[in-house]
Amino acid sequence: MDTKELSEPSFAEISPTVIVGAGLIGASIGCALMSRGVKVHLRDSSTANAQIAAARGAGVLERPVQDEVRLVVVATPPQDVSEVVRISLKEFPNAVVTDVASIKKQIEKELDGSTDQERYIGSHPMAGSAHTGPLTATSDLFEDRTWVVTASYGNPDWVVRRAFMLGTAAGARTVTRSATEHDRAVAEISHVPQIMSSLTAARLTDVPSEDLQLAGQGVRDVTRIAGSDPELWSQIIAANTEEIRNQLIKVQKDLSRLIENLDDPRIVTDLLSRGRQGRKALPARAGKSPDQLVTVTAEIPDKPGAMANMFRVAEEAGVNIEDISMEHDVHRNFGFLRIQVAIEQADILRSALRQHWEEGRLSYD
Ligand SMILES: NC(=O)c1ccc[n+]([C@@H]2O[C@H](COP(=O)([O-])OP(=O)(O)OC[C@H]3O[C@@H](n4cnc5c(N)ncnc54)[C@H](O)[C@@H]3O)[C@@H](O)[C@H]2O)c1
Ligand SMILES: O=C(O)C(=O)C[C@]1(C(=O)O)C=C[C@@H](O)C=C1
């Protein structure tokens with residue numbers, strides 16, 4: 001994809017941008033910025049990932065002119081972030097340097113005292129998936145999602161403005177939090193849910209395969225994010241242990257009460273009711289609530305390029321994929337790709353797939 005004309009003059013202030021780490025998040029940010037006319041230069045310690053990201057329209061591989069770079073986005077795993085930020089502050093003297101890591105306090109601490117630290121500002125887009133790498137990167141990953149900016153070190157206004165502009169150019173709703181507020185909140189709404197999903201899925205490793213055959217959608221919904229990268233998540237958890245432990249102790253209390261009172265329907269109902277209340281308390285994703293989405297399920301043969309073909313059919317039909325998940329058929333070399341799209345786009349996707357998807361069966365919600 002070529003860089004388009006800058007659709008909003010203000011985005012010129014973050015063009016060119018350098019993205020270091022062209023995996024799922026870095027490449028998705030690249031695609032979003034490029035689609036809004038921001039010139040993006042990609043870097044990755046994996047040449048293959050950088051090339052795939054560039055081929056998906058996330059940016060170019062040429063080196064930028066150092067002094068011209070206005071923004072650097074560090075999208076590496078958390079463990080590498082502070083070192084890459086430090087190198088970037090030095091290499092690009094006129095740039096704001098931000099990162100997108102899922103934790104903020106530890107990175108602030110690691111960077112404390114660094115030269116030019118006032119040009120560093122933390123970010124965290126609250127969108128992602130259980131997949132890693134640039135293959136499933138999309139320009140609309142952050143559309144209508146929340147983007148947290150954690151201003152620190154007395155960041156001057158121009159630094160804060162560029163960080164906000166990045167979130168806006170990615171299509172997100174940008175908010176500010178201190179690193180402490182951020183890390184507490186993500187322990188509650190992201191890190192503990194990930195651990196609970198992994199705990200549930202981990203139990204399944206002991207379940208006999210004839211019992212697994214009976215699994216319906218419930219267990220699949222609860223364990224979707226258990227498919228996430230253990231290495232990435234162990235780094236996230238290691239950097240937020242205090243907040244996560246506080247939350248897990250509360251879970252432990254609920255669990256102990258439940259185990260001790262499993263024969264008392266009042267206690268069981270109380271927990272289930274609180275669960276329902278908590279679920280209802282979640283704000284719907286801005287713009288789209290789950291009941292405005294439709295799921296199309298397609299059989300995908302286990303062969304190179306099959307998934308890419310499916311995405312191409314959707315892209316050529318102009319359909320925005322809101323979410324995807326993959327299940328494998330344990331008996332055949334097939335997977336089931338569940339694609340969520342907005343209700344108003346469902347018919348367009350159905351008819352495009354009917355015409356162009358010959359590799360497997362389709363079913364609809
Ligand atoms: N996955 C999510 O749902 C999600 C959501 C929001 C934020 N994040 C954060 O985004 C960051 C990236 O996560 P991801 O899911 O895109 O992971 P990813 O594995 O898809 O991408 C990371 C990329 O960084 C590259 N890399 C690693 N070390 C590097 C280095 N030192 N220099 C240059 N490149 C390097 C890897 O080769 C890879 O391409 C993490 O800090 C994570 O906490 C993830
Ligand atoms: O949607 C998903 O798959 C995610 O897990 C995304 C999610 C989250 O919402 O918890 C995961 C980690 C990130 O730091 C931000 C977003």
Side-chain angles (χ1 to χ4, degrees), residues 18-32 41-54 56 58-59 61 72-88 91 98-104 106-107 110 122-138 141-150 166-167 170 172 182-183 185-198 221-240 244 282-283 285 290 321-326 340:
V18 170
I19 295 178
V20 189
L24 171 72
I25 300 299
S28 295
I29 293 173
C31 289
H41 296 263
L42 300 169
R43 276 192 187 176
D44 200 293
S45 51
S46 151
T47 311
N49 278 5
Q51 285 171 345
I52 294 167
R56 292 188 58 77
L61 299 176
V72 179
V73 181
V74 178
T76 64
Q79 217 167 258
D80 297 61
V81 167
S82 47
E83 195 196 339
V84 177
V85 166
R86 235 179 260 120
I87 294 168
S88 303
E91 183 176 355
T98 189
D99 72 300
V100 292
S102 311
I103 40 84
K104 298 271 77 93
Q106 180 166 306
I107 292 171
E110 287 167 2
S123 316
H124 184 196
M126 293 310 302
S129 81
H131 306 282
T132 49
L135 263 178
T136 56
T138 67
L141 186 65
F142 312 105
E143 216 60 55
D144 299 326
R145 297 297 180 113
T146 303
W147 188 290
V148 188
V149 171
T150 52
L166 170 64
H182 168 275
D183 283 11
V186 290
E188 293 160 343
I189 54 84
S190 176
H191 302 173
V192 170
Q194 170 67 47
I195 290 170
M196 300 307 287
S197 177
S198 298
D221 285 350
V222 173
T223 57
R224 175 183 70 81
I225 52 177
S228 300
D229 180 10
E231 175 52 33
L232 174 65
W233 271 96
S234 69
Q235 291 186 25
I236 295 171
I237 292 167
N240 202 17
I244 294 173
L282 281 175
R285 185 181 151 183
I321 295 180
E322 300 290 337
D323 207 351
I324 56 160
S325 61
M326 184 82 178
Q340 286 204 306

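For ligands, and for the atoms within them, numbers begin at 1 and follow the listed sequence. The basis for the numbers below is simple: all heavy atoms, side chains too, and nothing from hydrogens, waters or symmetry mates.
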Pull out every atom of ligand 1 sitting under 4.0 Å from any heavy atom of [X], numbered as shown with elements.
X: V20; answer: 33 (C)
X: G133; answer: 18 (P), 20 (O)
X: G128; answer: 2 (C), 3 (O)
X: S46; answer: 37 (O)
X: P125; answer: 6 (C)

Any atoms of ligand 2 less than 4.0 Å from a non-hydrogen atom of [X]? List them with their elements.
X: A130; result: 3 (O)
X: I225; result: 3 (O), 5 (O)
X: S102; result: 13 (C), 14 (O)

| query | Out of T150, V74, V81, which residue meets the side chain to side chain contact (heavy atoms under 4.5 Å, CB included) rule with I107? | reply | V81
| task | Compare all side-chain heavy atoms of P125 with those of I25 and state whether any distance is below 4.5 angstrom. | result | yes
| said: Using side-chain heavy atoms (C-beta onward) and a distance below 4.5 Å, is I236 in contact with P78? | reply: yes
Just going by heavy-atom distances, which of [options] is nearest to [atom]?
atom: atom 9 (O) of ligand 2; options: H124, M126, R224; answer: M126
atom: atom 29 (C) of ligand 1; options: P77, A127, S45; answer: S45
atom: atom 41 (O) of ligand 1; options: V81, T76, V186; answer: T76

| query | Which part of V100 is near ligand 1, with near meaning a heavy atom under 4.0 Å away: side chain, backbone, both or neither? | reply | both
| Under 4.0 Å between a Lys/Arg side-chain N and an Asp/Glu carboxylate O for R43 and E91? | yes
| Hey, mind stepping through V100 and H124 against side-chain contact (heavy atoms from CB on, under 4.5 Å) and telling me if it holds? | CA-CA 5 Å; V100 292; H124 184 196; 5.8 Å; no
| task | Please confirm whether A130 comes under 4.0 Å of ligand 1, counting heavy atoms of the residue only. | result | no
